[in-house]
Amino acid sequence: MKRVFGVKKNKDPPPSIEDANERISKRGDSVDEKIKKLDAELSRYKEQIKKTRPGPAQEAVKARAMRVLKQKRMYEGQRDMLYNQTFNLDQVQFAAEGIKDAQQTMSALKSANKELKGMMKTVKIQDIDNLQDEMMDLMDVSNEIQETLGRSYNVPDDIDEEELMGELDALELDMGNETEADGVPSYLQPDKETDLDAELNLPPAPTGQTAVPAGRSNPQNEDELGLPAVPRASIRG
């Protein structure tokens with residue numbers, strides 16, 4: 001049977017964009033090398049034309065230079081074509097990678113959406129509301145417990161508030177009367193000037209002339225403090 005129908009050959013996979021881009025880039029590099037060699041050859045022919053006198057020899061050099069220049073133009077055209085192909089492949093590769101990224105994003109979103117739906121099934125709004133209500137009730141009970149534990153045991157519950165207010169007013173009135181009777185405290189009273197002469201018991205200062213003791217003759221004049229006056233020198237004319 002194999003001899004009659006033959007064996008089906010395995011087909012090679014089609015080249016990818018990366019493979020095609022790499023192959024074209026290598027061709028472009030080889031074309032660039034050829035153009036560089038032709039440029040060097042043209043430079044050599046230019047020097048020969050400058051050194052050669054006009055005539056058959058110069059014309060022959062110009063013909064060879066013209067042939068090299070035509071080859072260079074041809075290779076430059078091939079290089080531009082290869083560059084265009086490379087650019088097109090780059091654009092296609094960019095678009096393909098963008099589509100792959102979009103596919104991965106969609107797959108991730110679908111997976112996250114499925115997981116989120118599964119999580120939402122376990123969480124119900126009604127359960128959350130009931131939990132909040134229970135927490136509020138527990139907080140109210142806790143506050144009542146704290147208030148109950150904070151009560152004073154000695155204060156009776158049947159005290160009239162108006163009676164307490166009357167006692168408070170009477171206490172304030174008594175405090176005001178005590179303040180008026182006692183007067184201002186000593187540390188708030190102004191300082192009084194003390195009589196230093198009375199405290200030291202000093203005699204009063206003498207005024208006028210003092211009496212001359214008996215037996216003293218030729219009394220001298222005294223000043224207003226009771227001291228002998230200094231005689232003034234007579235002025236001689």
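Quick caveat: nothing in here was measured; it's all calculated off a predicted structure. Side chains are part of it too, since the values below use all heavy atoms of this structure and drop only hydrogens, waters and symmetry mates. In this chain, numbering begins with 1 at the start of the sequence shown.
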**Fill in**
Those residues at least two apart in sequence (or on a different chain) that pass salt bridge (Lys or Arg N to Asp or Glu O under 4.0 Å) with K26 are E22
**Request:** Check whether L149 and V141 end up in the same hydrophobic cluster, where Ile, Leu, Val, Met, Phe, Trp and Tyr are linked by side-chain heavy atoms less than 4.5 Å apart.
**Result:** yes
**Asked** Just how far is it from atom CG of D29 to atom CD1 of I24, taken to the nearest 0.5 Å?
**Response** 12.0 Å
**Asked** What distance do N84 atom CG and L89 atom CG have between them, rounded to the nearest 0.5 Å?
**Response** 11.0 Å
**Item:** Whether over 12 other heavy atoms sit under 6.0 Å from R27 CZ
**Value:** no
**Prompt:** Considering residues, nucleotides and ligands other than M66, do more than 12 of their heavy atoms fall under 6.0 Å from its CE?
**Reply:** no
**Asked** Quick one: side chain to side chain donor-acceptor pair (under 3.5 Å) partners of D19, sequence neighbours excluded?
**Response** S16
**Message:** Looking at R44, I'd like to know if its CZ atom is crowded, meaning that more than 12 non-hydrogen atoms belonging to other residues, nucleotides or ligands lie closer than 6.0 Å.
**Reply:** yes
**Asked** Are F87 and M81 co-members of a hydrophobic cluster defined by side-chain heavy atoms under 4.5 Å apart?
**Response** no
**Message:** Measuring from atom CG of D140 to atom CD1 of I145, what distance do you get when rounded to the nearest 0.5 angstrom?
**Reply:** 11.0 Å
**Message:** Taking side-chain hydrogen bond (donor to acceptor under 3.5 Å, both in side chains) as the cut-off, I'd like each qualifying pair that reaches into residues 112-138, sequence neighbours left out, listed once.
**Reply:** Q126-N130
**Request:** Sequence neighbours left out, what passes side chain to side chain contact (heavy atoms under 4.5 Å, CB included) with D90? Give chain and number order.
**Result:** N21, T86, Q93
**Request:** Provide the full list of side-chain hydrogen bond (donor to acceptor under 3.5 Å, both in side chains) pairs with a residue in residues 59-76, sequence neighbours left out, each pair given once.
**Result:** D39-K72, R73-E76
**Request:** Determine whether V92 and Y83 fall in the same hydrophobic cluster, where Ile, Leu, Val, Met, Phe, Trp and Tyr are linked whenever their side-chain heavy atoms lie under 4.5 Å apart.
**Result:** no
**Message:** Nearest 0.5 angstrom please: E33 CD to I35 CD1, how far?
**Reply:** 10.0 Å
**Message:** As an exercise, state the distance from OG of S30 to CZ of R79, rounded to the nearest 0.5 Å.
**Reply:** 11.5 Å
**Message:** Do L173 and D169 have side chains that approach each other closer than 4.5 Å (heavy atoms only, starting at C-beta)?
**Reply:** no
**Prompt:** Excluding sequence neighbours, so at least two apart, what forms side chain to side chain donor-acceptor pair (under 3.5 Å) with E41?
**Reply:** Y45
**Asked** Once you round to the nearest 0.5 Å, how far does CE of M135 lie from OG of S142?
**Response** 10.0 Å
